[in-house]
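Scroll down for the structure; my scribbles are underneath it.
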Amino acid sequence: MRPRTDASRLPRDFFDRDVHAVARDLLGAHVSHAGVTVRITEVEAYGGVGDPGAHAFRGRTPRNAVLFERPGSLYVYFTYGMHFCSNLVAGPHGQGAAVLLRGAEVVDGEDLARVRRDAPGKPPVPARDLARGPARLAVSLGLSRPHNGLDTVAPDCPVRVTGRHADPDVPVRTGPRVGVTGPGGEGDSYPWRYWLEGEPTVSAYRPGVLRARRTQP
DNA sequence: CAATAGATCTTCT
DNA sequence: GAAGATCTATTGG
């Protein structure tokens, strides 16, 4: 038997490339943390400064500072008052580009993922929904604020990114990014969402919608 | 099944 | 002050 080649951590060079190449090649890769391993089936590319849909669009701020760290860094942000989403910073260094992890299949540690995802008194979450959607994925992996900024390339990093691109026989599909409003969302200019065709763990497409006001106009 | 509203709070303008 | 790279429950067809 040949030793498994997908057990090694993806190196800096993997991440220090164009964000679209990194996004495509992350499909089928594995991410492990805190006893759970997932296989990535859906991602989105965010181009950094110059990409109207990206957090880095208006340059570096305290919140998005990690986007400007070394490629391979983990950018975890808090949104909608209750959810965390995770990204892997891509190259070139300093541009602010990153790949949002949007959907994955739990391939190890399903019991742990279930503990994190199941709500008391409610029916159990179907297996395919454990990491379907960026916030659900972060919950299954146990990722939140303290993990922001971790360097996944480092040998001792608790977050491991392993494996390579997807099975060449499985087509990669592309489309507009989910939940992005205005320029950078729908339209032909930013079909920057990538997923593996036929995977049940790919999140449902939902156009960006402006939320209704909470207060009087 | 599709559409919508509510939850909840950080961030930047 | 307002919007946000979301999720869930609920309502309506």
Side-chain angles (χ1 to χ4, degrees), chain A residues 19-20 22-23 26-27 31 40-68 73-90 95-104 106 113-114 116-149 174-187 189-195 200-217:
Chain A
V19 65
H20 297 282
V22 175
L26 277 174
L27 293 174
V31 179
I40 301 296
T41 58
E42 179 194 3
V43 298
E44 277 172 1
Y46 285 87
V49 179
D51 173 3
H55 284 181
F57 179 50
R58 294 170 194 286
R60 180 174 178 147
T61 67
R63 178 209 202 186
N64 67 22
V66 170
L67 286 173
F68 298 87
S73 298
L74 185 71
Y75 170 53
V76 181
Y77 67 90
F78 183 65
T79 190
Y80 289 106
M82 62 197 88
H83 296 303
F84 291 96
C85 299
S86 50
N87 301 249
L88 289 164
V89 175
Q95 183 189 289
V99 176
L100 170 68
L101 306 181
R102 278 204 63 88
V106 174
R114 208 168 275 292
R116 292 173 182 150
R117 288 274 292 120
D118 273 344
K122 307 232 180 104
V125 176
R128 72 180 52 170
D129 288 344
L130 284 172
R132 178 169 164 229
R136 293 158 157 187
L137 194 159
V139 169
S140 284
L141 281 179
L143 295 175
S144 62
R145 209 179 309 270
H147 310 288
N148 185 39
T174 67
R177 294 178 292 193
V178 175
V180 178
T181 60
E186 283 188 272
S189 304
Y190 297 89
W192 289 2
R193 177 182 180 225
Y194 300 89
W195 68 93
T201 54
V202 173
S203 67
Y205 179 70
R206 172 180 47 78
V209 292
L210 296 145
R211 296 166 69 210
R213 296 221 205 298
R214 231 178 11 175
T215 52
Q216 277 296 332

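All figures in this text were calculated on a predicted structure; none of them were measured in a lab.
Side-chain N/O atoms of A:H55 include one lying less than 4.0 angstrom from OP1 or OP2 on C:dA5. Contact annotation: A:R206 side-chain N/O to C:dC7 OP1/OP2 distance is not under 4.0 Å. Side-chain N/O atoms of A:R102 include none lying less than 4.0 angstrom from OP1 or OP2 on C:dA5.
Rounding to whole angstrom units, CZ of residue A:R136 and P of C:dC7 are separated by 6 Å. Atom-to-atom, CZ of A:R177 to P of C:dG4 comes out at 14 Å; the value is rounded to the nearest Å. In this structure, the OH atom of A:Y205 is 15 Å from the C1' atom of B:dA2, given to the nearest Å. If you measure from atom OH of A:Y77 to atom P of C:dG4, you get 12 Å, rounded to the nearest angstrom. Summarising the geometry, the separation between CZ on A:F57 and P on B:dC12 is reported as 15 Å, rounded to the nearest angstrom. Taking atom CZ of residue A:F84 and atom P of nucleotide C:dG4, one finds them 20 Å apart after rounding to whole Å.
In this structure A:R114 satisfies the side-chain hydrogen bond (donor to acceptor under 3.5 Å, both in side chains) test together with A:E110, sequence neighbours excluded. For A:D118, there are no salt bridge (Lys or Arg N to Asp or Glu O under 4.0 Å) partners two or more places apart in sequence or in a different chain. For A:E42, the side-chain hydrogen bond (donor to acceptor under 3.5 Å, both in side chains) partners are A:R102, A:R193, A:S203, not counting sequence neighbours.
Using a 4.0 Å heavy-atom distance criterion, A:R117 is classed as a sugar-phosphate-only contact.
Less than 4.0 Å separates DNA chain B from no heavy atom of any residue of residues 122-132 of chain A. Contacts of residues 58-66 of chain A with DNA chain B (heavy atom under 4.0 Å): A:R58, A:T61, A:P62, A:R63.
Using a 4.5 Å heavy-atom cutoff, the side chains of A:V99 and A:Y194 are not in contact. Side-chain contact between A:Y205 and A:V178 is present, with at least one heavy-atom pair separated by less than 4.5 Å. The side-chain heavy atoms of A:L143 and A:F84, taken from C-beta on, include no pair separated by under 4.5 Å. The shortest side-chain heavy-atom distance between A:D51 and A:Y190 falls under the 4.5 Å cut-off. Contact of the A:V43 side chain with the A:L101 side chain is registered, since non-hydrogen atoms from C-beta on lie closer than 4.5 Å. Residues A:Y75 and A:N64 are in side-chain contact: their nearest non-hydrogen atoms beyond the backbone lie under 4.5 Å apart. Side-chain contact check for A:H55 versus A:Y46: every heavy-atom pair is 4.5 Å or farther apart.
With rounding to the nearest 0.5 angstrom, the OH atom of A:Y77 is 13.5 Å from the CZ atom of A:R145. Interatomic distance, A:L74 CG to A:L141 CG, rounded to the nearest 0.5 Å: 9.5 Å.
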statement: Taking Watson-Crick and G-U wobble contacts under 3.5 angstrom, with | marking pairs to another strand and [ ] crossing pairs, the secondary structure of DNA chain C is written ||||.|||||||.
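Both A:R145 and A:H83 sit near DNA chain B, but only A:H83 has its closest nucleotide nearer the 5' end.
Nearest nucleotide to the A:F78 side chain, out of C:dT6, B:dA7, B:dT10: B:dT10. Residue A:M82 places its side chain closer to B:dT8 than to any other of C:dC7, B:dT8, C:dA5.
A distance cut-off of 5.5 Å between ring centres, combined with a plane angle under 30°, places A:Y46 in a stacking arrangement with the base of C:dA5.
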